[in-house]
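Right, one structure below, let's go through it.
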Amino acid sequence: MKLPLSYYSNQDVLFLAQDLLGKVLFTEIDGEITAGIIVETEAYFGVQDKASHAYGDRRTDRTETLYSHGGISYVYLCYGIHHLFNIVTSIENDPHAVLVRAIEPLIGKDIMEKRRNMPASRTAISSGPGSAAKALGIDRSFNKKDLSGNEIWIENHNIQYAEADIEAGPRVGVAYAQEDALLPWRFWVKGNKYVSKYNP
DNA sequence: TGAATGATCGTCT
DNA sequence: GACGATCATTCAA
């Protein structure tokens, strides 16, 4: 069951970041389908969030994607090497987003092994935002894609985590965001081995 | 036109 | 546990 566009227009990005845990992220590239369960996310709270690219209503060519209506992907290059995949949420001109930080491989593990050049038995294959995106074959050509299309989409497989199985904590790699770096806007599935390590 | 800067990962010790 | 890779984007001039 594919999530409808209306799901992403929810204006509570913190709710969506938690609710997306357990949903299944699919990509289809050259007829090859891969999918993984989302097990770790971070919320980026639009213009008020110092860690967000759209902080202070900074509207540029790159951040323009974030200002789209919910249900659009936002992919950008980090450290010159890694593609990071975000889900744009809320309504038009309200630049909230959820960063997918880790997935648990579900479909097309052999394809992921090829892309990552390592066995699927290693959790590193999709742990961390750069790795998860690469395992799914996501690169900058996926920027500004409609998540209800047939290249990239998210399904609800009725995987429901109890509230006690979800943990929240500070986001990773955003120390420059000062007081906003301490906000508990990172969510993950407790004990899941694909969740990236938090490095204090 | 140019210099600085990351929402990170993998390799090496 | 430390560090180098590597480039689009951004802002200043």
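Order of the sequence lines sets the chain letters (A, B, ...), proteins ahead of strands, with each chain counted from 1. Model, not experiment: these values are computed from the prediction.
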Among [options], the nucleotide that comes nearest once only the side chain of [X] is considered:
X	options	value
A/R140	C/dC11, C/dT6, C/dA8	C/dA8
A/T63	C/dA5, B/dC9, C/dT10	C/dT10
A/Y44	C/dC7, B/dA7, C/dC11	B/dA7

More than 12 heavy atoms from other groups under 6.0 Å of CZ on A/R122:
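Atom CZ in A/R122 is not packed in, count stays at 12 or less.
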
Heavy-atom count check: over 12 atoms from other residues, nucleotides or ligands less than 6.0 Å from A/Q160 CD?
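No.
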
G-U wobble or Watson-Crick pairing nucleotide for C/dT6 (cut-off 3.5 Å, both distances):
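Pair assignment: C/dT6 / none.
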
Please name the nucleotide paired to B/dA7 by Watson-Crick or G-U wobble geometry with both distances under 3.5 Å, or report none.
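Pairing partner: none.
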
Could you tell me whether the side chains of A/T63 and A/R58 share a donor-acceptor contact shorter than 3.5 Å?
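Distance-only check fails for A/T63 and A/R58.
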
Distance-only donor-acceptor check, side chains A/Y7 and A/N156, under 3.5 Å
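There is no such pair between these side chains.
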
With a 4.0 Å cut-off on heavy atoms, is A/S52 in touch with a base, just the backbone sugar-phosphate, or nothing at all?
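It contacts nothing in the nucleic acid.
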
Once you apply a heavy-atom cut-off of 4.0 Å, does A/T41 come out as touching a base, just sugar-phosphate, or nothing?
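No contact.
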
Is the phosphate of [N], meaning OP1 or OP2, less than 4.0 Å from a side-chain N or O of [X]?
X	N	value
A/R62	C/dA8	no
A/Y176	B/dA7	yes
A/R101	B/dC9	no
A/R116	B/dG10	yes
A/R58	C/dT9	no

What integer distance in Å separates A/R115:CZ from B/dC9:P?
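It is 17 Å, rounded to the nearest whole Å.
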
Using a 5.5 Å cut-off between ring centres and planes within 30 degrees, is A/Y76 stacked on the base of C/dA8?
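Here the ring of A/Y76 and the base of C/dA8 are not stacked, as the 5.5 Å and 30° limits are not both satisfied.
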
Centroid-centroid under 6.0 Å between A/F142 and A/H83 rings
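Here the rings of A/H83 and A/F142 have centres that are no less than 6.0 Å from each other.
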
Is there a donor and acceptor pair closer than 3.5 Å between the side chain of A/H82 and the base of B/dA7?
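For A/H82, whose side chain was compared with the base of B/dA7, there is no donor-acceptor pair (under 3.5 Å).
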
